[in-house]
Number of protein chains: 2
Amino acid sequence: MAKPKQQGDMPPPAPKRPTEGTLGQHAYQCIRSDILKGHLRPGTPLRLQGLKERYGLSFTPLREALNRLQSEQLVDNFASRGFRVATFSMEEMWDAIETRMLIDCEGLRRSIRRGGDDWEAEVLGSMLALTRAFERTMALTREATEEERAELEDRHKAYHHALISASGSNYMLHYSDQLYQQTHRYRWPFFSEAPGSAFLKQSYMAEHRQIADHAVARREEEAVDLFARSLHRTGEVIEKLHMAQPVA
Amino acid sequence: MAKPKQQGDMPPPAPKRPTEGTLGQHAYQCIRSDILKGHLRPGTPLRLQGLKERYGLSFTPLREALNRLQSEQLVDNFASRGFRVATFSMEEMWDAIETRMLIDCEGLRRSIRRGGDDWEAEVLGSMLALTRAFERTMALTREATEEERAELEDRHKAYHHALISASGSNYMLHYSDQLYQQTHRYRWPFFSEAPGSAFLKQSYMAEHRQIADHAVARREEEAVDLFARSLHRTGEVIEKLHMAQPVA
DNA sequence: TTACTCCGCAATTTCGAAAATCTTAGTCGT
DNA sequence: ACGACTAAGATTTTCGAAATTGCGGAGTAA
């Protein structure tokens with residue numbers, strides 16, 4: 001039983017101060033990324049002095065970012081007692097999965113019904129990009145770097161976005177994005193290091209291809225059914241992994 | 001063709017500084033309330049000096065609130081050029097209605113399947129409270145005060161929340177709440193003053209009662225069907241009103 | 001021993017000024 | 001007349017210090 005790598009132990013250096021945009025935006029992106037990648041663990045108090053040292057930013061932009069992340073439910077705010085990374089639970093994870101199934105399946109249905117050539121191109125293009133990145137990481141004889149994993153993850157996210165991108169609903173896209181990131185918190189630390197994960201990944205990739213094929217061929221029920229099952233299976237895998245290794 | 005009252009003309013005084021909680025939270029509630037009630041119009045620049053004068057707060061808590069409202073899509077943030085109240089459009093309104101239909105109907109289904117005595121009591125209780133407030137405002141021989149309207153609105157919101165409260169999904173509840181508030185922006189300035197609005201309100205109330213009755217009697221398909229139609233009709237009414245009186 | 005109060009310190013929140021950025025109006029050149 | 005440039009003023013964003021709040025430990029009384 002392999003132990004998942006302790007991603008929180010050695011967080012990578014924070015990105016440099018940007019030359020463009022506001023520091024509040026930069027703070028948002030940095031903190032969000034660290035939460036999604038597990039460098040900031042669930043339940044962790046987000047002390048302003050610590051964040052200031054890590055990111056080189058004053059309290060004001062940090063607090064602005066934390067307020068945004070609060071509204072996105074990645075962070076809990078305890079009035080006058082500061083902010084904490086939102087906690088994990090299986091209950092919450094299943095809620096995110098099931099709500100995501102509701103929204104994403106509807107988004108996929110609408111896209112299949114309304115999407116034109118551009119949508120098809122986007123689906124197939126993102127599927128191809130995901131396949132390429134996947135093959136590259138599978139061919140590695142060493143552990144993938146965080147950058148390589150991030151690239152694969154970006155491609156994966158783009159694939160999911162593409163599937164529902166012709167839904168005509170900004171709200172569905174927006175909520176889907178948020179729910180994707182919530183489920184991501186549970187997947188990222190464990191998924192790549194799980195036992196049998198190479199087999200699992202191949203199986204997921206095959207499934208992703210099938211969903212894309214069904215979608216572009218306008219086989220609505222097949223696509224949506226497989227998509228729902230795939231999302232649900234994500235939850236099952238996460239649950240199994242978390243049982244094997246309780247959350248810190 | 002009656003013109004809707006110009007709610008933005010004379011905004012009521014802002015609430016006093018709280019003795020509890022943070023000023024950032026207070027700012028959030030004040031600004032949010034003013035947006036939802038139309039005192040801050042769509043597209044309006046949210047100038048910090050103006051907000052400071054209106055609410056008696058420094059820039060920092062104001063900015064914190066604006067960052068939160070940005071994540072909730074009530075406010076748009078233009079980096080280095082400040083914040084604005086998010087704009088209206090019929091497209092956006094329909095998106096909110098349709099997404100809300102998706103989420104709320106699923107929430108109602110789940111509640112009908114899973115809810116116990118407590119849920120039934122909540123549904124019937126909130127229906128009763130809404131009826132009482134409604135009858136009071138209908139019996140007025142003068143125009144309802146903003147407080148009276150706000151009470152009715154709070155009861156209405158509580159009714160909708162109750163219907164889906166046993167869904168077991170915090171995300172659905174959270175998104176439903178946000179979508180409720182988005183649609184509220186379109187309803188509030190116009191709905192109470194629309195032509196034939198007394199008739200329309202009676203019809204809505206009868207419908208709300210029927211939905212509650214179906215739900216509590218566990219007639220899932222009837223409840224959900226009527227609920228969906230009711231939500232959709234809200235969109236139709238809003239659209240009609242906005243055609244009669246284009247958004248300022 | 002338990003419960004309560006007080007105090008010091010740490011942390012959070014807010015303040016207002018300074019720094020940075022944007023907007024507008026005026027001037028100059030083509 | 002139009003476009004480019006500049007300067008001044010307005011506004012936004014950030015900074016760091018002050019004000020406020022929470023927490024933990026020590027002391028006291030029952």
Side-chain angles (χ1 to χ4, degrees), chain A residues 14-35 40-87, chain B residues 14-35 40-87:
Chain A
K16 299 195 176 185
R17 270 188 180 233
T19 54
E20 288 203 325
T22 65
L23 294 181
Q25 280 183 331
H26 176 66
Y28 168 75
Q29 282 155 12
C30 291
I31 298 170
R32 182 172 176 274
S33 176
D34 278 351
I35 289 170
L40 290 171
R41 299 284 190 83
T44 303
L46 295 162
R47 299 203 190 293
L48 292 167
Q49 187 59 36
L51 297 179
K52 178 184 170 120
E53 281 158 18
R54 175 161 171 75
Y55 303 114
L57 300 168
S58 301
F59 289 179
T60 306
L62 291 170
R63 289 185 60 82
E64 292 194 3
L66 292 171
N67 273 280
R68 286 177 66 184
L69 292 165
Q70 174 195 356
S71 287
E72 293 183 14
Q73 297 178 281
L74 284 176
V75 164
D76 291 327
N77 177 17
F78 300 93
S80 295
R81 283 176 290 157
F83 297 84
R84 284 175 184 268
V85 181
T87 52
Chain B
K16 299 195 175 184
R17 273 187 176 232
T19 54
E20 287 205 326
T22 64
L23 293 182
Q25 279 183 330
H26 176 65
Y28 167 76
Q29 281 155 12
C30 290
I31 299 171
R32 181 172 176 274
S33 176
D34 278 351
I35 290 170
L40 291 171
R41 298 287 189 83
T44 303
L46 296 162
R47 298 205 192 291
L48 291 166
Q49 187 60 35
L51 296 179
K52 177 183 169 119
E53 282 158 16
R54 173 160 172 77
Y55 303 114
L57 299 169
S58 301
F59 290 358
T60 306
L62 291 169
R63 290 184 59 83
E64 291 194 6
L66 292 171
N67 274 279
R68 286 176 68 184
L69 292 165
Q70 172 194 357
S71 286
E72 292 182 14
Q73 297 176 282
L74 284 177
V75 163
D76 292 326
N77 176 18
F78 300 93
S80 295
R81 282 175 293 157
F83 298 83
R84 285 174 184 267
V85 181
T87 52

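Below, chain A is the first sequence line, B the second, and so on; all start at residue 1.
The distance from atom CD of E20(B) to atom C1' of dG22(D) is 15 Å, rounded to the nearest whole Å. Straight-line distance from the CG atom of L62(A) to the P atom of dT14(C): 16 Å, rounded to whole Å.
Between L51(B) and L66(B) the shortest side-chain heavy-atom distance falls below 4.5 Å.
Axis deviation across the helix from dT1(C)-dA30(D) to dT30(C)-dA1(D) amounts to 10°, comparing end segments of five pairs, rounded to 10 degrees.
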Can you list the steps and then say if R17(B) with L57(B) is a side chain to side chain contact (heavy atoms under 4.5 Å, CB included)?
-> CA-CA 9 Å; R17(B) 273 187 176 232; L57(B) 299 169; 4.1 Å; yes
Letter per nucleotide, 5' to 3', of nucleotides 7-20 of chain D [B base touched, S only sugar-phosphate touched, - untouched; heavy atoms, 4.0 Å] = ----SBBBBB----
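Here side chain to side chain donor-acceptor pair (under 3.5 Å) pairs that include residues 43-62 of chain B, with residues two or more places apart or in two chains, are D34(B)-R54(B), D34(B)-Y55(B), Q49(B)-E53(B).
Here L74(B) contributes atom CG and L40(B) contributes atom CG; the two are 11.0 Å apart, rounded to the nearest 0.5 Å.
The shortest non-hydrogen separation linking L48(A) to R63(A) is CD2-CG, 3.9 Å.
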Identify each donor-acceptor pair in which a side-chain atom of residues 22-29 of chain A lies under 3.5 Å from a protein atom, sequence neighbours left out, and give them as a table.
unit_1: T22(A); atom_1: OG1; unit_2: Q25(A); atom_2: N; d: 3.2
unit_1: H26(A); atom_1: NE2; unit_2: K16(A); atom_2: O; d: 3.4
unit_1: Y28(A); atom_1: OH; unit_2: E72(A); atom_2: OE1; d: 3.1
unit_1: Y28(A); atom_1: OH; unit_2: E72(A); atom_2: OE2; d: 2.6

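Scored by the side chain to side chain donor-acceptor pair (under 3.5 Å) test, R32(B) finds Q181(B) as partners (sequence neighbours excluded). Applying the side-chain contact (heavy atoms from CB on, under 4.5 Å) test to Q70(A) and every residue at least two apart in sequence or in another chain returns N67(A), N77(A), F83(A), R68(B).
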